[in-house]
**Student:** 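Can you keep this structure in mind? I'll have questions shortly.
Here is the naming used below: chain letters follow the sequence lines, and residue numbers restart at 1 for every chain. Bear in mind the structure is a predicted one, so any value in this text is a computation, not a measurement.
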There are 2 protein chains.
Amino acid sequence: MAVTIADIAADAKVSVPTVSRVINGAGTVSEELRERVIRSVEKMNYKPNAAARSLITKRSDVIAVVEADITNPVTARILWEIDACCMKHNKIMLTCNYDSSNEKAIFLLDKLLERHVDGLIFMGVHLDEPLLAKLREFSCPVILAQQGVESGECEFTTVTDDSYHAARDVTDFLIQEGHRRIAYIGGDANDYTNGKLRLQGYLNAMEENGLEVPASYIRQEQFSIEGGHQGMKEIYENNLKLPSAVVCGSDMIAVGAIRFLKSVDLSVPKDISVFGFDDAVSDIFEIPLSTVRSCKRGEILCEQLFKKQEEQGKKEWIYYPYQVLRRNSTRRHQ
Amino acid sequence: MAVTIADIAADAKVSVPTVSRVINGAGTVSEELRERVIRSVEKMNYKPNAAARSLITKRSDVIAVVEADITNPVTARILWEIDACCMKHNKIMLTCNYDSSNEKAIFLLDKLLERHVDGLIFMGVHLDEPLLAKLREFSCPVILAQQGVESGECEFTTVTDDSYHAARDVTDFLIQEGHRRIAYIGGDANDYTNGKLRLQGYLNAMEENGLEVPASYIRQEQFSIEGGHQGMKEIYENNLKLPSAVVCGSDMIAVGAIRFLKSVDLSVPKDISVFGFDDAVSDIFEIPLSTVRSCKRGEILCEQLFKKQEEQGKKEWIYYPYQVLRRNSTRRHQ
DNA sequence: TTTTGTTAAGAAAGCGTTTTCTTAATTCAG
DNA sequence: CTGAATTAAGAAAACGCTTTCTTAACAAAA
């Protein structure tokens with residue numbers, strides 16, 4: 001059997017509450033007893049039982065993160081950041097994959113409810129009503145990452161990329177660099193808020209600069225290499241005048257686009273500049289990709305999670321700061 | 001306040017143990033009461049408190065996975081697989097990053113000890129004595145993934161890639177394909193058991209086929225793109241007769257090697273064949289990489305974890321089955 | 001002195017379950 | 001029928017902590 005607080009109390013010849021006080025640094029206990037307790041704790045290698053403690057304190061020191069797909073490099077990176085922050089706050093991170101199945105997500109959330117986690121970060125898209133209802137059941141702080149609820153007021157604090165402004169900045173940047181014919185390949189904008197906002201940012205930047213956008217310059221495919229490939233192919237086949245630059249809704253799309261361009265002997269960035277989004281492939285892709293990187297995601301998420309203790313009430317929509325990274329998949333256009 | 005088992009008992013007009021029996025499907029309870037209980041549970045949206053349950057059952061339904069780096073794609077993929085298996089067994093996966101710092105790993109393991117997890121998978125390299133000592137403290141099944149302890153008898157059940165045989169097979173395969181001058185670029189073999197075994201497999205295959213291996217054909221760098229780049233560079237610069245094929249200790253190394261070759265205008269696989277390891281970059285890398293893929297990792301790990309309940313005693317070293325995948329970074333040599 | 005206030009530490013209650021122990025009710029063999 | 005065996009369900013204990021309540025000891029103020 002594991003050693004319990006009573007064993008320590010007996011060994012140190014003090015009462016159980018005294019041991020508890022020493023361990024938690026709460027209450028007052030004389031130097032003499034404190035030392036005796038600490039000695040016993042070390043001697044017997046005592047570890048407080050988290051379940052017993054949790055039962056009474058109503059905390060678990062666990063932060064849950066539910067994500068669609070842990071193998072997505074962007075997700076994995078954010079998890080890494082969250083984990084690092086949790087560590088600092090003496091919390092432990094519990095992650096669950098929901099495989100983009102809201103049904104599975106609800107199943108998982110039920111499990112987490114039983115566990116009385118101290119905080120929940122839900123990194124998901126396709127938020128539907130049953131899912132939101134389940135999220136409402138949590139009494140701990142809940143944060144939506146990746147996708148907000150469009151409807152208006154924030155029911156949950158939401159933290160996402162600043163897709164709209166970033167897409168505008170990227171497009172502006174390309175225009176500054178002399179590009180005039182700029183196309184866009186994004187993901188499905190019906191479901192993905194990010195997709196919608198990126199497209200909007202691109203469109204607004206073009207419009208504000210008085211630039212024409214033929215419908216054939218806009219493609220909405222999948223957020224994947226295949227999607228990018230397909231989108232670029234369609235643009236290539238349906239336009240006599242090719243764009244000199246393409247804004248992509250994700251790095252994966254950019255990779256696919258570049259791969260297609262290579263297949264028809266067009267060179268990037270010599271013939272066409274390609275801009276990505278997410279900074280997900282920087283270290284492995286053959287071309288250093290110009291892209292947008294969101295910063296301090298883990299910190300911002302955790303900060304929201306922990307800050308809320310005081311300011312429970314205020315739910316807001318927060319954006320990660322971002323950097324527009326100009327690398328070698330784009331160049332000036334003359 | 002959350003609704004408790006007592007609330008359900010009161011609402012259903014039964015005793016607390018009866019509710020417990022219904023929920024756990026244990027013991028005997030009449031159809032009538034069972035229905036009353038179920039109705040109350042649903043009506044009041046009751047969720048049993050995991051901490052209270054865990055306190056008494058000494059189980060937590062949590063499987064802990066401690067890994068060096070969650071952003072490593074190979075790791076992320078295995079986590080995905082483990083999570084899927086845990087789900088099937090009605091367990092929840094708790095993951096912690098230890099950032100390749102054994103000190104941090106020990107800190108995390110202490111936290112997990114407090115939590116009385118039902119199983120532990122430690123995916124790490126550089127296992128040193130303090131770390132092993134900490135692992136011994138667990139009373140639940142502990143599995144070492146990724147690296148075993150060389151010493152001999154298995155203190156912990158260990159599951160790893162079958163690096164030795166796979167490297168032999170890869171080398172054999174290249175020899176069958178007509179290659180005679182085959183080089184090897186691996187990671188640091190002092191620390192990484194996998195590195196050591198892959199090198200050994202390569203060497204044995206060469207020897208058994210009566211093929212010469214000049215020392216300048218063997219490089220041990222980092223398990224990274226830079227490492228592969230550097231290793232290939234050295235081989236290129238130090239050999240008048242270049243190899244016709246290179247066995248790499250990881251896909252990252254292979255990517256680096258290919259990148260170097262491209263930089264000196266050598267074509268893969270036309271001029272040189274390159275074989276990777278891990279199947280980590282298949283979808284994004286420019287060349288479909290011939291590589292080794294380990295299979296069913298999640299299943300095998302979980303199977304070991306859960307099987308052990310009965311056969312606690314037997315610790316063994318188990319290998320994932322693997323496939324040698326011939327793709328387009330290698331070709332026959334005439 | 002006596003009273004009041006303060007502090008250190010123990011006693012006891014309680015957190016929400018499961019499990020063991022009892023009891024009452026029912027069935028069945030003799 | 002009676003007594004033993006079986007069954008369904010409640011009472012009570014236990015899990016390992018934290019927290020509240022209480023007491024004893026002592027110091028400071030009247």
**Student:** OP1 or OP2 of C:dG16 versus the side-chain N and O atoms of B:Thr4: is any pair under 4.0 Å?
**Tutor:** no
**Student:** Measure from the side chain of A:Arg21, starting at C-beta and using heavy atoms only, and say which of D:dG16, C:dA9, D:dA12 lies closest.
**Tutor:** C:dA9
**Student:** Can you check whether A:Asn24 has a side-chain N or O nearer than 4.0 Å to OP1 or OP2 of D:dT18?
**Tutor:** yes
**Student:** Nearest to the A:Asn49 side chain among C:dT17, D:dG16, D:dG10, which nucleotide is it?
**Tutor:** D:dG16
**Student:** Using side-chain contact (heavy atoms from CB on, under 4.5 Å) as the criterion, point out the one residue from A:Asp162, A:Val159, A:Asp161, A:Thr158 that pairs with A:Tyr319.
**Tutor:** A:Asp162
**Student:** Round to the nearest Å and state the distance from A:Glu32 atom CD to C:dA8 atom C1'.
**Tutor:** 12 Å
**Student:** For the side chain of A:Pro17, counting heavy atoms from C-beta on, which of C:dT17, D:dT19, D:dG16 is nearest?
**Tutor:** D:dT19
**Student:** To the nearest angstrom, how far is A:Ile8 atom CD1 from D:dT18 atom P?
**Tutor:** 12 Å
**Student:** Separation of B:Lys13 atom NZ from D:dA9 atom C1', in whole Å?
**Tutor:** 17 Å
**Student:** Of the candidate nucleotides D:dT18, D:dG16, C:dA9, which contains the atom at the shortest distance from the side chain of A:Ser30?
**Tutor:** C:dA9
**Student:** Pick from A:Glu299, A:Arg297, A:Lys296: which one makes a side-chain contact (heavy atoms from CB on, under 4.5 Å) with A:Tyr320?
**Tutor:** A:Arg297
**Student:** Whole Å only: how far is the CZ atom of B:Arg59 from the C1' atom of C:dT17?
**Tutor:** 12 Å
**Student:** In this structure, how many angstroms lie between the C1' atom of D:dC17 and the CZ atom of B:Arg53, rounded?
**Tutor:** 20 Å
**Student:** Go through the side-chain N and O atoms of B:Asn102 and B:Lys104 and say whether any donor and acceptor fall under 3.5 Å apart.
**Tutor:** no
**Student:** Please determine, for the side chain of A:Lys58, which listed nucleotide (D:dA9, C:dG16, C:dT19) has the closest atom?
**Tutor:** C:dG16
**Student:** Does a side-chain N or O from A:Thr28 land closer than 4.0 Å to OP1 or OP2 of C:dT7, or not?
**Tutor:** no
**Student:** Below 4.0 angstrom from OP1 or OP2 of C:dT18, is there any side-chain N or O of B:Thr57?
**Tutor:** no
**Student:** Side chains of B:Glu67 and B:Asn97: any donor to acceptor distance under 3.5 Å?
**Tutor:** yes
**Student:** Figure out the OH/C1' separation between B:Tyr46 and C:dT18, and round it to whole Å.
**Tutor:** 11 Å
**Student:** Please tell me which of the listed nucleotides, C:dT18, C:dA8, D:dC17, lies nearest to the side chain of B:Ile5?
**Tutor:** C:dT18
**Student:** Using whole Å, what does the distance between atom P of nucleotide D:dA14 and atom CG of B:Leu55 come to?
**Tutor:** 14 Å
**Student:** State plainly whether the residues A:Lys111 and A:Glu114 are in salt-bridge range, i.e. N to O under 4.0 Å.
**Tutor:** no
**Student:** Write down the distance between CZ (B:Arg115) and P (D:dC17), rounded to a whole number of angstrom.
**Tutor:** 14 Å
**Student:** Between B:Thr18 and B:Ile56, which residue's closest nucleotide on DNA chain D lies nearer the 5′ terminus?
**Tutor:** B:Thr18
**Student:** How would you label the contact of A:Val14 with the nucleic acid (heavy atoms, under 4.0 Å): base, sugar-phosphate, or nothing?
**Tutor:** sugar-phosphate
